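Values in this document were obtained by computation on a predicted structure and should not be read as measured data.
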Amino acid sequence: MENGITKRQSAILQGVAIWMMVYHHMYSFVVEYGSLLPFMQVETVQQIGWFCKLCVGIFAFVSGYGMFYVMGRQPGDRFWGRMLQEYRCVLERILKLYGKLWLVLLIYMGILFGILGLPFDPAQLPGNLTALNPTYNGAWWYVEQYAKMLLVLPLLDLLLTRFTQPGERKRKWIFFLALGLLGGGALLAGRLWLPGLWALAVAVKDGLRLSFLLIFVVGYLIARYSLWQRVDKALRRWGGWLPVCLSVILLGAVIALRVALATDAAYARLDFLFAPLFSYGVLTLLSQAPPLGALLAWWGKQSTYIWLVHGFLYGWLYYLIKPHVRLDIWVYLAVLLASAAVSLLLQALTDISGRLVRRRFRGGRKGGEKRGELPQ
């Protein structure tokens, strides 16, 4: 990993994370578990499910790491121009994710309210469309979180970007000084004189979910300062075996510490440390097993749609399969496979619609050129 985390390795981590996510959602609150294995009792299964909450940290870490390279492709000569380009870039990514959410939501509503004829409550629609109050699928809360993290990122990237032109450096520091003064003044005024403003500030802080935002920022900073490459290079000076041995120790320590510290299924307080260490250990060990890495990378490519749809599947699949098996792991695998099958169908729909839009755009552009219009 001397060149950092590659796209394939990002997909591997997302594959690991989506397997963990499905297990977390299925068994974190389980009250019974019929297993052929004597050590797989309810308490053990719950602890595994709580540990698997680290999946969210892995997704946030990979996103922050990759976004550094995305931000690096934006033009960097002028402060305001770079800010505009970066926000345009993150808004495109946010809309792309919301587009996938809306596709799943449209199909879900068509089945539930159209085919099955269940009563429709219009008051729930805005919360699900925006993912601010996802009553149809609780796992959609991370759509909103992802959007917030991306909206914060350009400010961090601009703060750390070194502009070569003196005038641009001046504009940068004036902007951040004004932003700091306005923010600090608003907090002070809210604390001393305007309780409503202070309550708004607290709501914004809680809404950012700082535990996950911090993981995202850590991923970005590790990529920006090449910390991953530096650590890996330093370890390999002592021999190729050292990273592997250290990875085994890291994984054992992360699992033991997180299981010991987790107080509930939502625990994520120290995941800004656990997610990078766990990711390093996983990738180092999987580099010794390319076929397994390729399998997980495939699952990682399906992870977005699996995340968006698996909550609809495991409820009825659990009760459909459970009476026929004693080992609940088969229920878990059935939900994974069913979610992957639905993901492939949705990805095919997305690809077809994307090709149609691009073909229509190219056709419209050629028509405009024939009419003597300037291409956009």
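- Looking at K53 and D271, no side-chain N of the basic residue comes within less than 4.0 Å of a carboxylate O on the acidic one, giving no salt bridge.
- Taking the side chain as every heavy atom from C-beta outward, P243 and Y280 approach each other to under 4.5 Å.
- For S28, the side chain to side chain contact (heavy atoms under 4.5 Å, CB included) partners are H24, W50, A265, not counting sequence neighbours.
- Between the side chain of K172 and the backbone N or O of T161, at least one donor-acceptor pair lies under 3.5 Å.
- A continuous path of ILVMFWY side-chain contacts below 4.5 Å connects L179 to L156, so both sit in one hydrophobic cluster.
- Looking at heavy atoms from C-beta onward, V217 lies out of side-chain contact with F212 at the 4.5 angstrom threshold.
- One hydrophobic cluster, built from ILVMFWY side chains closer than 4.5 Å, holds both L333 and L344.
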Step-by-step side chain to side chain contact (heavy atoms under 4.5 Å, CB included) determination, L251 to L285: CA-CA 10 Å; L251 289 178; L285 293 183; 3.4 Å; yes
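- Taken to the nearest 0.5 Å, the CG atom of L54 stands 7.5 Å off from the OG atom of S279.
- Checked by atom type, the side-chain pair T350/Y305 shows a donor-acceptor distance below 3.5 Å.
- For F61 and F216, the distance between ring centers is not under 6.0 angstrom.
- Note on F29 and V45: separate hydrophobic clusters, where clusters join Ile, Leu, Val, Met, Phe, Trp and Tyr whose side-chain heavy atoms are under 4.5 Å apart, directly or indirectly.
- With a 4.5 Å cut-off on side-chain heavy atoms, R237 and K233 count as touching.
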In residues 88-98, what donor-acceptor pairs under 3.5 Å come from side-chain atoms, sequence neighbours left out?
residue, atom, partner, partner atom, Å
Y98, OH, T130, O, 2.6

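- Taking both residues in full, the closest heavy atoms of P122 and P126 are given as O-CD, 3.4 Å, listed atom of the first, atom of the second, then distance.
- Each salt bridge (Lys or Arg N to Asp or Glu O under 4.0 Å) pair with one or both residues in residues 151-168, not counting sequence neighbours, appears once here: R78-E168, R82-D157, D157-R224, E168-R171.
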Decide yes or no on side chain to side chain contact (heavy atoms under 4.5 Å, CB included) for F79 and K170, but give the supporting numbers first. CA-CA 9 Å; F79 176 77; K170 183 178 179 180; over 6 Å; no
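- Side-chain atoms of Y225 and L160, non-hydrogen and from C-beta on, do get closer than 4.5 Å to each other.
- In this structure, Q124 CD and T135 OG1 are separated by 3.5 Å, a value rounded to the nearest 0.5 Å.
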With a cut-off of 3.5 Å and sequence neighbours excluded, list every side-chain donor-acceptor pair involving residues 102-119.
residue, atom, partner, partner atom, Å
W102, NE1, L129, O, 2.8

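- Residues S63 and Y146 come closest through the heavy atom pair OG-CE1, 3.8 Å.
- With values rounded to the nearest 0.5 angstrom, F274 atom CZ is found 5.5 Å from L261 atom CG.
- At least one side-chain heavy atom of W173 sits less than 4.5 Å from a side-chain heavy atom of L159.
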Check against side chain to side chain contact (heavy atoms under 4.5 Å, CB included), L210 and F272: CA-CA 10 Å; L210 296 180; F272 72 95; over 6 Å; no
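- Taking the six-membered ring wherever Trp is involved, the centroid distance between the rings of W141 and Y136 does not fall below 6.0 Å.
- The minimum heavy-atom distance linking S303 with I18 is given by the pair O-CD1, 3.5 Å.
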What do the steps show when you test F278 against F51 for ring pair (Phe, Tyr, Trp, His ring centres under 6.0 Å), and what is the final call? CA-CA 12 Å; F278 185 81; F51 171 78; 5.8 Å; yes
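- The ring pair (Phe, Tyr, Trp, His ring centres under 6.0 Å) search around Y220 returns F68, not counting sequence neighbours.
- A ring-centre distance under 6.0 Å is not found for F59 and W307.
- Taking the side chain as every heavy atom from C-beta outward, Y332 and V335 never approach each other to under 4.5 Å.
- When every heavy atom of L197 is checked against every heavy atom of A186, the shortest pair comes out as CD2-O, 3.3 Å.
- Rounded to the nearest 0.5 angstrom, L313 CG and M26 CE are separated by 10.5 Å.
- Contacts classified as ring-ring contact (aromatic ring centres under 6.0 Å, His included) and involving residues 281-302 (residues at least two apart or in different chains) are given here: W19-W299.
- Using a 4.5 Å heavy-atom threshold, the side chains of T304 and Q14 count as separate.
- Contact annotation: the side chain of M71 approaches that of L153 to within less than 4.5 Å [non-hydrogen atoms, C-beta and beyond].
- Note: the hydrophobic cluster containing L132 does not contain L308 (ILVMFWY, side chain heavy atoms under 4.5 Å, direct or indirect links).
- By the neighbour-count criterion of 12 heavy atoms within 6.0 Å, atom NZ of K301 is sparsely surrounded, having that number or fewer from other residues, nucleotides or ligands.
- Between C55 and A17 the shortest heavy-atom distance is CB-O, 3.2 Å.
- For Q347 and D351, the side-chain atoms include at least one donor-acceptor pair closer than 3.5 Å.
- In this structure, CG on N133 lies 9.5 Å from CD on E144, to the nearest 0.5 angstrom.
- Annotation for E86 and P154: closest pair OE1-CA, 3.3 Å, computed over non-hydrogen atoms.
- Residues L345 and L101 do not share a hydrophobic cluster, defined by chaining ILVMFWY side chains whose heavy atoms lie under 4.5 Å apart.
- With ring centers used as reference points, Y23 lies under 6.0 Å from Y27.
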Quick one, L187 with W198, criterion side chain to side chain contact (heavy atoms under 4.5 Å, CB included). Give me CA distance, side-chain angles, the key distance, then yes/no. CA-CA 6 Å; L187 289 176; W198 179 256; 4.1 Å; yes
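- A donor-acceptor contact shorter than 3.5 Å is absent between the side chain of T284 and the backbone of G281.
- A distance of 12.5 Å separates CZ in R209 from CD1 in I215, rounded to the nearest 0.5 Å.
- Each of Q229, R230, R236 was checked for a side-chain hydrogen bond (donor to acceptor under 3.5 Å, both in side chains) with D232, and the lone residue meeting it is R236.
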